[in-house]
Amino acid sequence: MTQDYLKGLNEQQREAVLHKDGPIMIVAGAGSGKTKVLTTRIAHLMSHHRVDAFNILALTFTNKAAKEMKERIEKILGNSDARNLYVGTFHSVFARILRSEAHHLGYPNSFTIYDTDDAKSVVKTVINEMNLDDKLYKPNIVYNRISSAKNALVGPAEYAQDYYIQQEDNRSNRPAIAQIYAAYAKRCFKNGAMDFDDLLIKMYELLKHFPESLHKYQHKFKYILIDEYQDTNPAQYEIIKLLGAAYENVCVVGDDAQSIYSFRGATIQNILQFQKDYDDVKVIKLEQNYRSTKNIIHVANEVINNNKGQIPKQLWTDNTEGEKIRLVRTMSDNEEGKFVADTIQEQKLRNHYSNRDFAILYRTNAQSRAFEESLRRMGIAYTMYGGVSFYARKEIKDMVAYLRVIVNTRDEEALKRIINYPVRGIGKTTIDKLLLLANENNITMWEVLENARQAGFKAGTLEAIENFVTMIKSCQSMLQTKNAYEVAFHVGKQANIVKELFNDKTVEGLQRYENVQELLNSIKEFTETPSNDDGEVGDKSLGSYLQQITLLTDADEKDPNADTVKLMTIHAAKGLEFPVVFAAGLEEMLFPNAMSINTREELEEERRLFYVVITRAKQKLWITYANTRYKFGQLQQNEPSRFIEEIPQQYLDRSFAGGGIRNQGAGYSQGSAFDRMRGFGASEQAEKIYGPPPAKRKDTVPSYVPPKTAPKVVEHKPAADFVPSDTSNLQAGQKVEHQKFGFGTVLKMEGSAHNPVATVQFELNGEKKIMLNYAKLRIID
DNA sequence: GACCTTTTAGTTTTT
DNA sequence: CTAAAAGGTC
């Protein structure tokens, strides 16, 4: 086999690809081609070393990255062997493995995966059952505490015994968190459910306590590759250590300068520890950047140099010098939005950029609003990432809850959600009684329902319960013979959900109905798509579907190639690149965020975040900040971010930065009187002028596409001798002239003989449907 | 037990 | 400011 794929690599990249066995760590600077190295390396292992795809595990940071990686490998190999690779995120790969090994741990194989909402709800339940004050023990705080413990592989027992942890909890006056943690873990297990962190913890426990499973997966995954290694946490580290112990063919790729997930337990320690735990680690540095201009790279380097204790490396590039980084100050957050939208419009016209070339990146999701509004005003299509995901919508969660109960009746969270939705006469009093009985007898809520007759409910209540149980059971029996889609469809009908939503004729009701239809479509697509990305025989069951959707993020579903401006947090932009980037909201308290300025570590992570946003840009970078900004409806004054001062003046163009005479005419720092008077940002007014707010997203679709107004007709002067032809025998492919639209080609003929309609592609005015009974066309040939 | 009104808490980042 | 929770009424 030819090895053409090696030709496009530089020396270090090639070395990383050719290294076959033994641990290797690739320190890859931003834009240095790490994905290329990973994909080429896998392709090389497969084609040159004849490593079976089934024996390779590649862990990525998003599902989308996993999919892309497979596609790129397939392209290099020129065959479909890559389909058998095990590629995915830590969470989705482990979920898949746990699904087949769950019985060892006492979980049903169709265990539910709890998202953060579910998990917090369980925490809340537990807190209430323990009669603790939920004003003090806020579910949010408690959950985060538990999550941190889990990511550090600290179980409930260890948590309770650890002196320092207990000190912390005592100091914050919440000594009972250890007990809550224990009760929470117990409850999740009883519910047959794992939260996100459990997917790691349980995987670890499986490998740790079940030697057969350990042996099986150690020898299955002869080669392990991990992307974005700087963002792995101790739980992930230990799992990889176990999995990789047999062969030590572990390849990690990361950049300590881009570590931005410490709030999720990620630690750069994993990079340092790697070299200690594995023998003879080969270390390769990729320092040449292929993405950005010299100016951008210089600025990035200068900024990150303010952090202590970096792995020494110097990012450089052969690319052109490029333009200076532009710094812009505006009076308010709304004007910041306006400036960015205006600039995008201007750049599109002046430099022939498309919408897809732009990204607006910010620190917090709440900042998106001003940009959405101004883009909509300008009629610029955009896609917003983050925010409420499709599967987090109420109507979707309701529907999914039914499916969850059918697949796993132990799932109490789902059961509570649907037991009286739609209203069927099982109200709060009854539910409380059910829960009490379940707890007293140490059985699940579902088991109480099944035996409701013995519990002494009123006749009406008992009937309602029995009807409910019968319905769920009939759906369960359907699972034996029907596919996931048919069952879901049946549920929607049986439970009266679809009909109920259908009868709601409000705009929101209509949207909800469509969302449920969309969910059904997605289930259908799932059941009918032959092979999954998982390298195992595709599991098309409902349980498999449910587990999968919980782990989807909207980045996984949205089309990155859509011609839209992309809006997202800097965290979500990791690994992406754009020709033109707007780094927005560079203000003290916001970026660096007020929550993260208390320790040097926190501040350095904010700086790495700034480094990440700078290095997303290929050609042009704007940095914007606002003097004032609304927070909780309150006007806040903000200082410019300290990070701005870390950029050397020589790389900055401050001509738009506002302040003083240099800003004359720019208009953004003051805002026009017109804007101030009508209060730019009043969404009601914007709506009157510019149409309704963006449709609630179906995830695959851009957040906003400007309404199609009748495109302006480019006037065509008909020839002086224009005489309409007889078009009764007009055929597709013929060239015609229209008096107004000009010259064009007939694409197809439709309509009846009495009312023929031609679809014509006009050179100047695009595709039009022409009714031949009315329009006059001259046939050219 | 359902429905309406009032109050209050929240914004850091996410699998 | 806004979404969710609590509280009060029929």
Side-chain angles (χ1 to χ4, degrees), chain A residues 59-66 88-95 113-117 119-121 124 134-135 138-141 143-144 147 150-151 194-200 228 231-233 235-236 259-266 333 361-369 385-389 391-392 394 420-432 458 460-461 464 547-556 568-574 585 589-598 602 605-606 608-610 612-613 629-636 681-684:
Chain A
L59 296 164
T60 57
F61 201 69
T62 63
N63 293 298
K64 191 181 69 190
T89 61
F90 277 90
H91 289 85
S92 60
V93 165
F94 295 166
I113 298 174
Y114 278 169
D115 64 15
T116 314
D117 284 349
K120 283 179 186 166
S121 167
K124 197 177 173 185
D134 65 1
K135 286 279 183 299
K138 289 183 185 163
N140 240 328
I141 293 173
Y143 172 75
N144 286 332
S147 179
K150 285 183 163 185
N151 284 317
M194 297 191 198
D195 65 17
F196 287 139
D197 305 320
D198 283 331
L199 293 174
L200 307 180
E228 307 285 6
D231 287 320
T232 54
N233 61 38
Q236 291 164 327
S259 168
I260 54 174
Y261 278 93
S262 71
F263 69 94
R264 228 167 70 185
D333 44 358
L361 308 177
Y362 35 77
R363 177 70 240 268
T364 66
N365 281 306
Q367 287 167 258
S368 69
R369 188 165 262 167
Y385 291 74
V388 183
S389 104
Y391 297 100
K394 185 188 172 297
N420 202 30
Y421 174 83
V423 177
R424 56 170 65 85
I426 307 179
K428 195 175 180 305
T429 321
T430 311
I431 293 172
D432 285 346
K458 281 190 292 186
T461 309
Q547 289 179 348
Q548 191 203 269
I549 60 169
T550 315
L551 298 173
L552 283 181
T553 64
D554 57 4
D556 297 325
M568 65 187 93
T569 63
I570 300 169
H571 282 90
K574 185 164 87 148
M589 310 308 276
L590 185 63
F591 191 12
N593 195 271
M595 307 294 289
S596 307
I597 48 176
N598 300 315
E602 285 175 351
E605 179 147 322
E606 294 288 300
R608 289 194 293 271
L609 209 43
F610 188 44
V612 168
V613 71
R629 180 178 296 280
Y630 278 94
K631 193 183 181 187
F632 303 144
Q634 218 94 61
L635 198 63
Q636 306 270 311
S683 53
E684 273 172 41

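Residue numbering restarts at 1 for every chain, and letters A, B, ... go by the order of the sequence lines. Computed from a prediction, not measured in an experiment: that's the story for all the values here.
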Test item: side-chain donor near acceptor, A:Asp556 and A:Thr553, under 3.5 Å: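 Present: a donor and an acceptor within the cut-off.
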Checking side-chain polar atoms at under 3.5 Å, does A:Ser147 have a donor or acceptor matched by the opposite partner on A:Asp197?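 The criterion, which ignores hydrogens and geometry beyond distance, is satisfied for A:Asp197 and A:Ser147.
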Can you list the residues that meet the side-chain hydrogen bond (donor to acceptor under 3.5 Å, both in side chains) rule with A:Thr461, with sequence neighbours excluded?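 side-chain hydrogen bond (donor to acceptor under 3.5 Å, both in side chains) check on A:Thr461 returns nothing, list empty.
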Can you list everything that forms a side-chain hydrogen bond (donor to acceptor under 3.5 Å, both in side chains) with A:Thr364? Sequence neighbours excluded, please.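 Scan of A:Thr364 (side-chain hydrogen bond (donor to acceptor under 3.5 Å, both in side chains), adjacent residues dropped) gives A:Gln367.
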Check the distance between C:dA3's P and A:Asp117's CG and give it to me in whole angstrom.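 Whole-Å distance recorded here is 15 Å.
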Given atom CZ of A:Arg424 and atom C1' of B:dA2, what is their separation to the nearest angstrom?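 Computing the A:Arg424:CZ to B:dA2:C1' distance gives 16 Å.
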Expressed as a whole number of Å, how far does the C1' atom of C:dA6 sit from that of B:dT11?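 Going atom to atom, C1' in each nucleotide, I get 22 Å.
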With rounding to the closest Å, how many angstrom separate the P atoms on C:dA4 and B:dT13?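 Here C:dA4 and B:dT13 have their P atoms 16 Å from each other.
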What is the per-nucleotide protein-contact pattern of nucleotides 5-15 of chain B, from the 5' end, where B denotes a base atom under 4.0 Å from a protein heavy atom, S denotes such proximity for sugar-phosphate atoms only, and - denotes neither? -----BBBBBB
Apply salt bridge (charged side-chain N to carboxylate O under 4.0 Å, His left out) to A:Lys428 and list each qualifying residue two or more places apart in sequence or on a separate chain.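 For A:Lys428, the residues satisfying salt bridge (charged side-chain N to carboxylate O under 4.0 Å, His left out) (neighbours in sequence not counted) are A:Asp432.
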A:Tyr421 ring centre to A:Lys394 NZ or CZ under 6.0 Å, with the angle to the axis within 45°?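 Yes, A:Lys394 and A:Tyr421 form such a contact.
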So what is the 5' to 3' dot-bracket string for DNA chain B, if pairs are Watson-Crick or G-U wobble with both distances under 3.5 Å, crossing pairs use [ ] and | means the partner sits on another strand? ||||||||||.....
Checking A:Phe61 now: which residues fulfil ring pair (Phe, Tyr, Trp, His ring centres under 6.0 Å) with it, not counting sequence neighbours?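 Per chain and number, A:Phe61 pairs via ring pair (Phe, Tyr, Trp, His ring centres under 6.0 Å) with A:Tyr261.
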With heavy atoms under 4.0 Å as the rule, sort A:Thr430 into base, sugar-phosphate or nothing.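 It contacts sugar-phosphate atoms only.
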When we call it a touch if two heavy atoms are under 4.0 Å apart, what does A:Asp115 touch: a base, just sugar-phosphate, or nothing?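 It contacts nothing in the nucleic acid.
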Side chains of A:Thr569 and A:Arg363: closer than 4.5 Å at any heavy-atom pair?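 A:Thr569 does not reach A:Arg363 side chain to side chain.
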